[in-house]
Amino acid sequence: MREKDYSPPFDSTVTSKLKSVGAISMGKANCDQFAQGSSNETSCYGPALNPWNTDFVPGGTSGGSAAATAADECIFANGTDTGGSIRQPASLCGCVGIKPSYGRVSRYGVMAMTSSLDTMGVCTKTVEDAAIYLGTVAGKDDFDATTSETDVPDYTKALTGDVKGMTFGLPKEYFIDGMDGEVETSIREAAKILEGLGATIKEISLPHTKYAVATYYIICPSEVSSNMARYDGIRYGHTEEANDLIEYYFNVRSAGFGDEVKRRIMIGTYALSAGYYDAYYRQAQKVRTLVKDDFAKAFEEVDALLTPTSPYPAFKTGEKMDDPVQMYLADVFTVPASLAGICGLNVTCGFTKSKLPIGLQILGPQWGEEVIFKAGDAFEKAVGLNDKPKL
Ligand code: GLN
């Protein structure tokens with residue numbers, strides 16, 4: 001297909017900023033089609049594989065970025081995180097992944113998926129690299145009205161290794177029945193390590209967490225159905241032969257979109273339709289506010305939250321592809337922060353007996369990237385990067 005060789009006609013703001021400090025691009029990374037998926041299996045290029053064990057998925061959607069970083073093919077790789085697509089693959093591949101606060105990094109030049117959630121971030125090998133990257137790309141951009149004037153601090157100054165006096169919350173809703181035992185043990189041990197460094201650990205509650213996946217999977221498809229409308233084969237996207245305009249639209253959109261994208265266009269169109277808007281979309285927006293308020297209350301008591309990034313380590317390629325709901329549940333711990341617009345960092349906190357990485361998610365308030373970098377860096381220094389099993 002021609003669009004597989006697509007070469008962007010202009011640089012995104014992030015690309016321009018990276019080039020301006022001398023970054024060299026090694027190539028494009030694999031991604032689920034239009035950033036929709038949790039395993040990289042919806043990619044039209046075929047799935048990326050997990051470098052720790054190629055029978056397993058790297059996670060998604062920025063699975064190519066996480067796999068390339070973990071496999072030492074690059075120093076860092078850009079990604080987008082709408083509902084977890086940097087944090088979750090970083091967790092499954094054993095690298096660092098930062099989802100900045102909504103509005104922290106320009107999306108100019110980045111294809112829109114869910115405009116009220118999309119963020120631009122990175123997979124790196126160390127927290128320090130993630131802090132350097134964010135300091136380079138963050139900030140107000142006249143080409144993206146959602147970017148904030150909020151100052152961009154020197155994030156590397158937060159990397160003192162010192163978390164004395166900080167308080168971390170363990171939200172009880174993130175330790176649920178059915179989650180992997182090795183993941184739970186590893187996250188609780190990570191909390192103990194931070195406690196050992198002088199931090200206070202406190203159990204807290206985010207009561208609306210259980211509604212977050214359902215809320216996300218109304219809001220995301222609704223915005224997807226709108227954002228995908230531009231791919232009509234005339235202004236954007238795939239082209240096909242046809243005898244008339246209507247046939248042209250049918251052919252272009254049937255051939256150009258994969259099953260997952262079509263599923264979301266249908267769900268979103270339904271949820272936004274006149275008869276169902278109040279029952280689904282409006283309700284979802286109200287619940288989104290409740291999820292956001294949960295976090296706001298939590299951050300009155302704690303500096304950051306410690307949770308698993310994913311309820312389980314990497315799963316096998318093909319395992320969840322026939323069951324979209326199971327696939328959506330992979331995002332159970334990442335979508336709440338996305339709905340709230342807050343920032344999140346994945347750092348590797350352990351490995352399963354079968355040598356698959358386990359990721360700790362550190363969540364901070366909006367514009368609180370310094371706090372999560374500080375915690376992630378202290379943790380990384382305490383556990384020692386060199387103790388990792390080798391690929
Ligand atoms: N897995 C989520 C989804 O499919 C997240 C996607 C993303 O962050 N781009 O919607």
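What you are looking at is a predicted structure, and each value in this text was computed from that prediction instead of being measured. Numbering of ligands and ligand atoms starts at 1, following listing order.
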> Indicate, as side chain, backbone, both or neither, the part of Q88 found under 4.0 angstrom from ligand 1 when only non-hydrogen atoms are considered.
neither
> Can you list the ligand 1 atoms lying under 4.0 Å from a non-hydrogen atom of T82?
7 (C), 8 (O), 9 (N)
> Just jot down the ligand 1 atoms closer than 4.0 angstrom to any heavy atom of S38, in number order.
1 (N)
> A35 heavy atoms, cut-off 4.0 Å: which ligand 1 atoms fall inside?
6 (C), 7 (C), 9 (N)
> Under 4.0 Å from a heavy atom of G83: give me the atoms of ligand 1 that qualify, with their elements.
5 (C), 7 (C), 8 (O)
> Flag the pair Y6 / Y236 as yes when their ring centroid distance falls below 6.0 Å, and as no otherwise.
no
> Please classify the Y216 to ligand 1 contact at 4.0 Å (heavy-atom distances, strictly less than): side chain, backbone, both or neither.
side chain
> Out of G37, P221, S338, indicate the one that has the non-hydrogen atom closest to atom 1 (N) of ligand 1.
G37
> Members other than I86 in its cluster, when Ile, Leu, Val, Met, Phe, Trp, Tyr link by side-chain heavy atoms under 4.5 Å?
none
> In the protein, which heavy atom is nearest to atom 4 (O) of ligand 1, and how far is it?
R264 NH2, 2.7 Å
> G84 heavy atoms, cut-off 4.0 Å: which ligand 1 atoms fall inside?
8 (O)
> Would you please indicate yes or no on a ring centroid separation below 6.0 angstrom for Y216 and Y328?
no
> Any ion pair linking R263 and E260 (charged N to carboxylate O, less than 4.0 Å)?
yes
> Using a cut-off of 6.0 Å, state whether more than 12 heavy atoms not belonging to D142 lie near its atom CG.
no
> With sequence neighbours left out, what residues match D55 under side chain to side chain donor-acceptor pair (under 3.5 Å)?
none
> Could you walk me through whether R104 and E369 satisfy the salt bridge (Lys or Arg N to Asp or Glu O under 4.0 Å) test, starting with their C-alpha distance in whole Å, then the side-chain angles of each, then the deciding distance to 0.1 Å, before giving a yes or no?
CA-CA 10 Å; R104 184 70 296 191; E369 283 83 359; 5.2 Å; no
> What protein heavy atom sits nearest atom 6 (C) of ligand 1, and how far off is it?
S85 OG, 2.9 Å
> When you measure from the centre of the six-membered ring of Y312, is the NZ or CZ of K320 closer than 6.0 Å and no more than 45° off the axis?
yes
> Which protein heavy atom lies closest to atom 3 (C) of ligand 1, and at what distance to 0.1 Å?
Y217 OH, 3.2 Å
> Nearest protein heavy-atom contact for atom 2 (C) of ligand 1: which residue, which atom, what distance?
D331 OD2, 3.1 Å
